[in-house]
Amino acid sequence: MSQKTTFITTPIYYISGEPHIGHVYTTIAADVLRRTALTRGSAFLLTGTDEHGQKVAAAAAAAGISPQAWTDALVPRWQALTTRFGVVCDDFIRTTEERHQRVVVAVFEALKARGEVYLGTYEGWYCTNDETFWLEAKLVDGRCPNPECRREVQWISEQNWFFSLAKYRDRLLAYYRANPHWLKPQSVWNEMYAAIESGLEDLCISRSNVSWGVPLPDSRVMYVWLDALLNYISAIGYGVDPSRFEAYWPADVQLIGKDIARFHAIIWPALLWALDLPLPRLVYAHGWLTVDGQKMSKSRGNVVNPFALADRFGADAVRYFLLREAAFGSDFSYSEQKILQRYVSDLGNDLGNLVHRSLAMLAKYRDSLVPAIAPSSLVLPAQHLGERVYEAFAGLQFREGLDAVWELVSGLNRLIDERKPWALAKAGEDAALDALLYEICEGLRWIALCLEPIMPEKARAMWQQLGLAGEPTGSWAELLQWGLLPPGTRTVPGAPLFPRLLDDVPVA
RNA sequence: GGCUCGGUAGCUCAGUGGUAGAGCAGGGGACUCAUAAGCCCUUGGUCGCAGGUUCAAAUCCUGCCCGAGUCACCA
């Protein structure tokens, strides 16, 4: 039992455009981890925006405003995303903030003092149009290999700072072997191990030809990726507030998309070692959401707008769908039909209707008052549900955790059909009816608690309909004990949690 | 091209040596508290292809086909 605060991070999002469903996916998962951790202790969720770099500068220039004004205008859109999906961030850091930039500079100075960086020459073929350096081997007929570009490339040579990444190769390999579970899923571990094994080159960490970045003391700016990685420690006061920093670092889970594994699984650990800091306990690279098996991208025109999705199905249903539909580590193919099916079948028919029918019967047979019964009549075998769900969620096995909760949902639906409350009422078997109704309501209380990390709004709605005070949050060890639902509680049957959708028009 | 992952019921997937599984969809039934929901029963698969190892292969080996991803600042 660690008393340390569970520290969870998402990548900071590169604000080159509108947020899409993929960004939400990561952030929601982080929020579930945070809420799950809160059932046993304290938690801290960090997210934010990555605002430097040429693409941002170019977009701002195209709009005729300064990069700072550009990012200031976009950031609220990203913050709105977390709010819209019920994500509670304990901090939201922007790389343009002073508190971040001074840490970046301090880290640079520290690396220099430790001899971890040196001034060298950065050379390569450069495509001005794509603003990208290309390896000679990648060039196609001596031109830019991007099929949509194919322009001539030019040889660029500039003085820049380099981080001594290559010397960490053996230490990384040894660390990987000694810690086979520090990077998940296994497939990403394999890829990164192979990448390290094949050799590392020192990393150019400054730019002379870019102006929109964290300024270094010598008029160059910091390489945007190093700038971005440092958010994880700048936000918690590295070099500024040591006691605060040590209360959080190392991170317990750093969620990333598999595309940025290289930065988090090779450069990041080496950088932390260079600073003499411990590594995060787990870096988890989750899969992609694809649309009909195709990668989501602007050029394909198949980007799913998360706000539209939330408007149609509700934020909680989207949260549920994203974490229930596929194993968290692997890709899954999004489709309108799939989320609709989950909504109707799992949420409306199984869960929503269970709540509705249960409270309707309690209203009809017992005037909405939870009966008083002897504890001995409690028979539902849900004792270990809390542990199962906690272990699953905390271990990023969201689907497995939800499967476990649904065993109780289905169990209650089955129990109702088997014991037939309506028949008990007709036959005047009051004791049996009391016991049954109590069990059902108590089961619903458990479901509300267990689902709170996934669907906080709906869990709260269940809690209120059950007539319970406060929120469906708190220590599961204390709350998930069978029989804690107070007899005499007046339930408040309300609107269906997941009403039937009136149309099946696809989301634009 | 190198590397990675995958190809199992109509759909989404679990199953890594020992008589083919789940959920959803489809079909049938009994019920009525409920969002025409829920419950019970059920149809359905030569486990990508071809070889090989083994008493025994979806599961191990080899080759091939197909799909996706990655190797470039997209979660």
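All values below come from the heavy atoms of this structure, side chains included, with hydrogens, waters and symmetry mates left out.
- Nearest to the side chain of A/Pro11, among B/U12, B/A75, B/C39, sits B/A75.
- Looking only at distances, a side-chain donor or acceptor of A/Asp252 sits under 3.5 Å from a matching main-chain atom of A/Phe7.
- The pair A/Arg34-A/Asp90 meets the salt-bridge criterion, since a charged nitrogen lies less than 4.0 angstrom from a carboxylate oxygen.
- Between the CG atom of A/Asp350 and the C1' atom of B/C39 there is a distance of 11 Å, given to the nearest Å.
- A/Arg342 places its CZ atom 19 Å from the C1' atom of B/U35, with the value rounded to the nearest Å.
- Take A/Arg169 and apply the side-chain contact (heavy atoms from CB on, under 4.5 Å) test, not counting sequence neighbours, and it matches A/Leu173, A/Ile196, A/Glu197, A/Leu200.
- When distances are taken from the side chain of A/Glu325 to each of B/U12, B/C33, B/U35, the shortest belongs to B/U12.
- Counting to the nearest Å, the C1' atom of B/U12 and the CD atom of A/Glu400 are 14 Å from each other.
- Relative to the side chain of A/His20, the nucleotides B/C31, B/U35, B/A75 differ in distance, and B/A75 lies closest.
- Closest to the side chain of A/Arg207, from the set B/C73, B/U12, B/C33, is B/C73.
- Closest approach to the A/Asn190 side chain among B/U70, B/C5, B/A75 is made by B/C5 (side chain taken as heavy atoms from C-beta onward).
- Nucleic acid contact for A/Lys420: none, since no nucleic acid atom lies under 4.0 Å from a heavy atom of the residue.
- Rounded to whole Å, atom P of B/A75 lies 13 Å from atom CG of A/Leu81.
- The distance between atom CH2 of A/Trp189 and atom P of B/C3, rounded to the nearest whole Å, is 18 Å.
- Heavy-atom nearest nucleotides on RNA chain B were determined for A/Arg324 and for A/Trp225, and the one closer to the 5' end corresponds to A/Arg324.
- In this structure, A/Arg414 does not reach the B/G38 phosphate: none of its side-chain N or O atoms is under 4.0 Å from OP1 or OP2.
- Between A/Phe85 atom CZ and B/A75 atom P there is a gap of 17 Å when expressed in whole angstrom units.
- Within 4.0 Å of A/Ile260, counting heavy atoms only, lie sugar-phosphate atoms of the nucleic acid but no base atom.
- For A/Asp417 against B/G38, a side-chain-to-base donor-acceptor contact under 3.5 Å is present.
- The A/Asn353 side chain lies nearest to B/A37 when the options are B/C24, B/C33, B/A37.
- At whole-Å resolution of the value, CG in A/Leu362 and P in B/A34 are 13 Å apart.
- Protein atom CG of A/Leu347 is 22 Å distant from nucleotide atom P of B/A34, rounded to whole Å.
- Both A/Asp259 and A/Val344 lie close to RNA chain B; mapped to their nearest nucleotides by heavy-atom distance, the more 5′-ward contact belongs to A/Val344.
- Between A/Trp161 and A/Phe108, the ring-plane angle classifies as perpendicular under the 30° and 60° cut-offs.
- The stretch residues 414-433 of chain A participates, sequence neighbours left out, in no ring pair (Phe, Tyr, Trp, His ring centres under 6.0 Å) pair at all.
- Side chain A/Asn349 to base B/A37: no donor-acceptor pair is found below 3.5 Å.
- Comparing B/U12, B/C31, B/C73 by their nearest atom to the side chain of A/Lys338 picks out B/U12.
- Among B/C13, B/A34, B/U4, the nucleotide with an atom closest to any side-chain atom of A/Ala360 is B/A34.
- The aromatic rings of A/Trp78 and A/His23 stand perpendicular to each other, their planes meeting at an angle above 60°, with 30° marking the opposite boundary.
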